[in-house]
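In what follows, a single structure is set out as structure tokens and then discussed.
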Amino acid sequence: MKTNKILLSLLLIPFMVNAQKDYVPTAENLKNREWFQDAKYGMFIHWGVYSTLAGGGDYGIAEWIMNQKQLPIAQYENLASFFNPISFNPAEWVSIAKAAGMKYITITSKHHDGFAMFDSKVSDWDIVDRSPYGKDVLKMLKEECDRQGIILFFYHSQLDWHHPDYYPRGNTGQGYTGRPESGDWNKYINYMNAQLTELLTNYGDIGGIWFDGMWDQWDADWQLDKTYAMIHKLQPGTLIGSNHHKSPFPGEDFMMFERDLPGQNTMGFNQTSIEMSLPLEMCETMNDSWGYNIKDRRFKSTRQLIQTMVRAAGYGANFLLNNGPMPTGKLTKETIDTLMVIGKWLEKYGESYYGTRAGPVSPHEWGVTTQKGKTVYLHILDLKDESVFLPGFTGKISSVTLFDEPMALKYIQNGAGIIVTVPFDKRNDIDTVVKINLK
Ligand code: FHN
């Protein structure tokens, strides 16, 4: 056990050494962190040549089909020749995100298959050079985001199943890809940095870079110091986050949790506690896949998604809800329907969500609290009793009212906290919101 711990800490040394140790965020970056926390809710988009296979009739994460079906690069590349998203309408995508109440979009600029969804000059494995569509969808989306006031983030995979210099290989994308058993890791890092430079110089202001893939090989020399310093130099305000499932490394501006509430680990990814000094974000799927999966009908209910979004807010975390567009560029009907229901809920209850931070009472099974200024919002999500005890609530209260109607609620406060009574006939099936106004 002790030896394992020592080995683990040795494996972590490269991260410690190579992250951006002396990083001091600029005033602009700190301001953007505040904006990010206020914004609360974003759309995640997984879209690429893998979308054409739509999961191949299997359950599972459709964007991984190259690896799951062991498709060699030479054959996988054919997908680009029939990736032709003629129905892609960025105005529609952004309008849907806005109607859903989302404030930002995080889209895959490159997923693990290495395919760039933008016009890259350092590779021709990209949408402009290889697809019949031939247009830079990220540029089109960014222009529309600017028009409609939505901030755009790029998801960028550090792991690459296509690039020959991604060598030594990690745990995925191995022999079946057909790459030679040699390569120059430094060249790969330079290539990745060159693509990131393109993304941060040709598309105006970018909200953030959402990294993913370091978990493919923990002991690789990722040279985060170089990459993070470069990003912060090119756009000091852009927020860096990485889905490495560990505590944030120096140079990262927010911390993320995949398909789990902060600090929880039902998916087996999360290996850390919550870093309270940084903004938090939780990402979630609508069914069980990130990329478009034609078979997977295991959609979460809108109730479940709204409750998860609210629970995340109780930890102070943003909610990044995924959407896997079809290869044509259309969003699925299920996605749109779900987003519209959430959007309607936010139209009504947004006051208790946007701009809030985690409330004074830590999250419980029955629900959570959020807070904005002198108002604490109590979100009752799953309570069998008529009263709820908020331990440690010491704030001086001026009133406790129901959100849905101007009705004063009974409460008792003592040194241990407060007990609020919310009659059963005033309960809401999704979230009973109560306003606790402080003096
Ligand atoms: O492997 C990816 C996966 O395809 C997807 O992009 C998710 C999103 O959080 N992240 C990785 C798994 O940790």
Side-chain angles (χ1 to χ4, degrees), residues 41-56 58-71 76 79 104-117 138 153-163 166 169-174 177 192 208-218 220 222 239-248 252 254-262 264-272 280-293 296 298 300 305 308-309 312 317-325 335:
Y41 181 35
M43 178 185 277
F44 209 177
I45 300 178
H46 279 72
W47 196 39
V49 290
Y50 47 79
S51 311
T52 55
L53 294 180
D58 291 337
Y59 284 107
I61 43 179
E63 70 286 358
W64 271 63
I65 197 153
M66 174 176 172
N67 195 72
Q68 309 304 64
K69 298 283 184 195
Q70 308 265 291
L71 299 172
Y76 189 81
L79 294 182
Y104 62 102
I105 293 177
T106 304
I107 187 167
T108 43
S109 46
K110 178 188 92 156
H111 205 265
H112 309 329
D113 63 2
F115 188 74
M117 292 292 280
L138 295 193
F153 287 56
F154 292 133
Y155 166 112
H156 207 76
S157 174
Q158 292 154 297
L159 149 64
D160 198 308
W161 296 329
H162 184 274
H163 200 285
Y166 184 82
R169 313 266 180 259
N171 291 316
T172 61
Q174 291 167 337
T177 61
M192 186 180 70
I209 301 292
W210 205 103
F211 282 114
D212 202 354
M214 280 174 71
W215 38 260
D216 190 45
Q217 36 184 334
W218 293 118
W222 289 103
L239 304 180
I240 297 178
S242 180
N243 190 31
H244 44 53
H245 314 304
K246 293 188 183 295
S247 293
E252 293 172 8
F254 66 103
M255 179 179 196
M256 53 182 74
F257 296 87
E258 177 173 339
R259 301 186 66 184
D260 253 321
L261 289 164
Q264 295 190 357
N265 191 15
T266 61
M267 295 299 293
F269 295 137
N270 180 25
Q271 302 161 31
T272 180
L280 310 174
E281 185 190 63
M282 171 196 177
C283 59
E284 182 58 289
T285 48
M286 287 204 194
N287 50 9
D288 283 340
S289 177
W290 301 95
Y292 173 57
N293 186 317
D296 187 345
R298 297 168 178 163
K300 295 169 187 77
L305 290 170
T308 307
M309 174 175 84
N318 285 19
F319 192 58
L320 184 64
L321 182 56
N322 187 66
N323 173 355
T335 301

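Quick note: residue numbers are just sequence positions, from 1. Counting convention: from 1, in listed order, for ligands and their atoms alike.
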Quiz item: Are His112 and Trp64 an aromatic pair by the rule of ring centers under 6.0 Å?
Solution: yes
Any atoms of ligand 1 less than 4.0 Å from a non-hydrogen atom of [X]? List them with their elements.
{"X": "His245", "answer": "13 (O)"}
{"X": "Cys283", "answer": "9 (O)"}
{"X": "His46", "answer": "5 (C), 6 (O), 8 (C)"}
{"X": "Glu258", "answer": "7 (C), 9 (O), 10 (N), 11 (C), 12 (C), 13 (O)"}
{"X": "Glu63", "answer": "3 (C), 4 (O), 5 (C)"}
{"X": "Tyr155", "answer": "6 (O)"}

Self-check item: Minimal non-hydrogen separation, Lys246 against Thr272, with atom names
Solution: C-CG2, 3.7 Å
Exercise. Ignoring hydrogens and angles, tell me if any N or O in the side chain of Lys110 forms a donor-acceptor pair with the backbone of Ser157 under 3.5 Å.
Key: yes
Quiz prompt | N or O pair under 3.5 Å between Trp64 and ligand 1 | solution = yes
Quiz item: For Asp212, is at least one N or O under 3.5 Å away from an N or O on ligand 1?
Solution: yes
Self-check item: Heavy atom of the protein closest to atom 2 (C) of ligand 1 (residue, atom name, distance)
Solution: His112 NE2, 3.3 Å
Quiz prompt | Test item, Trp290 contacting ligand 1 (heavy atom, 4.0 angstrom) | solution = yes
Exercise. Quick one: sort the Phe153 and Tyr104 rings into parallel, tilted or perpendicular, breaks at 30° and 60°.
Key: tilted
Exercise. Assign the ring pair Phe44 / Trp290 to parallel, tilted or perpendicular, where the plane angle (0 to 90°) is split at 30° and 60°.
Key: perpendicular
Any donor-acceptor N or O pair under 3.5 Å, side chains [X], [Y]:
{"X": "Asn318", "Y": "Tyr41", "answer": "no"}
{"X": "Trp47", "Y": "Thr108", "answer": "no"}
{"X": "Gln217", "Y": "Tyr166", "answer": "yes"}

If we set the cut-off at 4.0 Å for heavy atoms, which region of [X] has an atom near ligand 1: side chain, backbone, both, or neither?
{"X": "Asn243", "result": "side chain"}
{"X": "Trp210", "result": "side chain"}
{"X": "Trp215", "result": "side chain"}

Exercise. In plain terms, say whether Lys69 and Asp58 are close enough for a salt bridge, that is, a side-chain N and a carboxylate O under 4.0 Å apart.
Key: yes
